[in-house]
Amino acid sequence: NSQLTSHPDFINRGGTYYLENKTITNCAGCGITIENTTLPIVIQNCTVRDCNYEQRNPGWNQYKAGICLRNVTNVAIGGYRNTIVNNTNAGIRVQNSTHVDIMDNYILNNTKYGIYVYPDNLVKPPYPEYVKYITITNNTVIGNQEGIDLAEAFNCTVNDNTVRDNTK
């Protein structure tokens, strides 16, 4: 949490940390990574594109995406539209997280998932409730291999999304 509170890209407004108005392109791995925090965070009005698109890290497949969340609580991706396009593997990847809102985003042409929500892949079924209370609303998810994938997630809400032209 201390890395986040002192990070120059995050603005603290009343105890909520905002990452906004950023453009991230041609990055290796994830464009934006938030992990291991319970601080309230909002990611809004950002563009994340072409992250790891050219397979610059061929042996590191687990966390390729535009935006990666892992072991977080109280994160919102959206509000003011984010544009998340042409990333390797996923537009948004949420692992072992709770109380995450994904709203009002434009998620286009990511190589596998538009939005992928899942538990730690080292845990075997039956999965404990590591992933819960994820809300996915009013997103446009187009041209990915899979639009929205909730793998072993509990008490989630998916409403009013436009999901089309995905291959699965």
Side-chain angles (χ1 to χ4, degrees), residues 1-5 7-10 16-123 127 130-136 139 141 144-153 156 158 166:
N1 289 346
S2 63
Q3 286 181 323
L4 178 66
T5 58
H7 196 284
D9 286 335
F10 286 87
T16 298
Y17 292 84
Y18 289 82
L19 178 65
E20 54 192 5
N21 307 318
K22 302 290 180 193
T23 298
I24 300 165
T25 60
N26 296 315
C27 54
C30 294
I32 297 171
T33 300
I34 308 290
E35 58 186 356
N36 303 320
T37 186
T38 59
L39 291 172
I41 298 169
V42 176
I43 301 168
Q44 63 185 12
N45 200 34
C46 293
T47 298
V48 183
R49 64 179 307 120
D50 302 319
C51 288
N52 219 9
Y53 199 71
E54 297 175 13
Q55 302 290 342
R56 283 177 267 206
N57 291 332
W60 195 61
N61 292 319
Q62 188 173 1
Y63 298 112
K64 294 177 183 174
I67 298 175
C68 296
L69 304 181
R70 184 172 176 263
N71 298 325
V72 302
T73 300
N74 299 319
V75 174
I77 301 173
Y80 293 102
R81 182 175 293 259
N82 294 297
T83 301
I84 305 159
V85 297
N86 296 334
N87 297 291
T88 295
N89 197 285
I92 298 173
R93 179 181 289 273
V94 179
Q95 181 183 24
N96 280 21
S97 297
T98 64
H99 297 92
V100 174
D101 293 327
I102 302 170
M103 61 202 157
D104 304 318
N105 297 290
Y106 185 67
I107 304 163
L108 175 70
N109 292 339
N110 299 286
T111 61
K112 189 161 185 184
Y113 306 98
I115 300 170
Y116 184 35
V117 178
Y118 64 105
D120 187 316
N121 56 3
L122 300 176
V123 176
Y127 294 104
Y130 290 141
V131 181
K132 58 186 173 184
Y133 307 117
I134 310 296
T135 302
I136 302 172
N139 297 285
V141 184
N144 308 283
Q145 183 178 359
E146 296 183 32
I148 299 172
D149 188 334
L150 293 165
E152 300 299 330
C156 297
V158 179
N166 300 287

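All residue numbers in this chain count up from 1 along the given sequence.
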- Message: Any heavy-atom pair between the side chains of K132 and T98 that's under 4.5 Å?
- Response: yes

- Item | I77 and I32, any side-chain heavy atoms less than 4.5 Å apart | no

- Query: Taking the SG atom of each, are C30 and C51 under 2.5 Å apart?
  - Reply: no

Taking all heavy atoms of [X] and all of [Y], pick out the closest pair and write down the distance.
X: I84; Y: N110; result: O-ND2, 3.5 Å
X: V48; Y: G66; result: CG1-O, 3.3 Å
X: Y133; Y: C156; result: N-SG, 4.3 Å
X: Q44; Y: G78; result: CB-O, 3.7 Å
X: I43; Y: I34; result: CD1-CG1, 4.2 Å
X: L39; Y: T37; result: N-OG1, 3.1 Å

Rounded to the nearest 0.5 Å, what's the gap from [atom1] on [X] to [atom2] on [Y]? Could you check?
X: N86; Y: T25; atom1: CG; atom2: OG1; answer: 11.5 Å
X: N45; Y: L19; atom1: CG; atom2: CG; answer: 10.5 Å
X: F10; Y: E20; atom1: CZ; atom2: CD; answer: 10.5 Å
X: N87; Y: R49; atom1: CG; atom2: CZ; answer: 8.5 Å
X: N74; Y: T38; atom1: CG; atom2: OG1; answer: 7.0 Å
X: L108; Y: T83; atom1: CG; atom2: OG1; answer: 9.5 Å

- Residue from V141, I102, V100 passing side-chain contact (heavy atoms from CB on, under 4.5 Å) with I136: I102

Any donor-acceptor N/O pair, [X] side chain to [Y] backbone, under 3.5 Å:
X: S97; Y: T73; answer: no
X: N82; Y: C46; answer: yes
X: N139; Y: I107; answer: no

- Item | Check against side-chain contact (heavy atoms from CB on, under 4.5 Å), R93 and Y118 | CA-CA 8 Å; R93 179 181 289 273; Y118 64 105; 3.1 Å; yes

- Check the pair E35, N71 against side-chain contact (heavy atoms from CB on, under 4.5 Å), reporting the backbone distance first and the verdict last. CA-CA 5 Å; E35 58 186 356; N71 298 325; 5.5 Å; no

- Task: Run the numbers on N109 and V85 for side-chain contact (heavy atoms from CB on, under 4.5 Å), then give the verdict.
- Result: CA-CA 6 Å; N109 292 339; V85 297; 5.6 Å; no

- Check step by step if side-chain contact (heavy atoms from CB on, under 4.5 Å) holds for Y113 and N89. CA-CA 6 Å; Y113 306 98; N89 197 285; 3.7 Å; yes

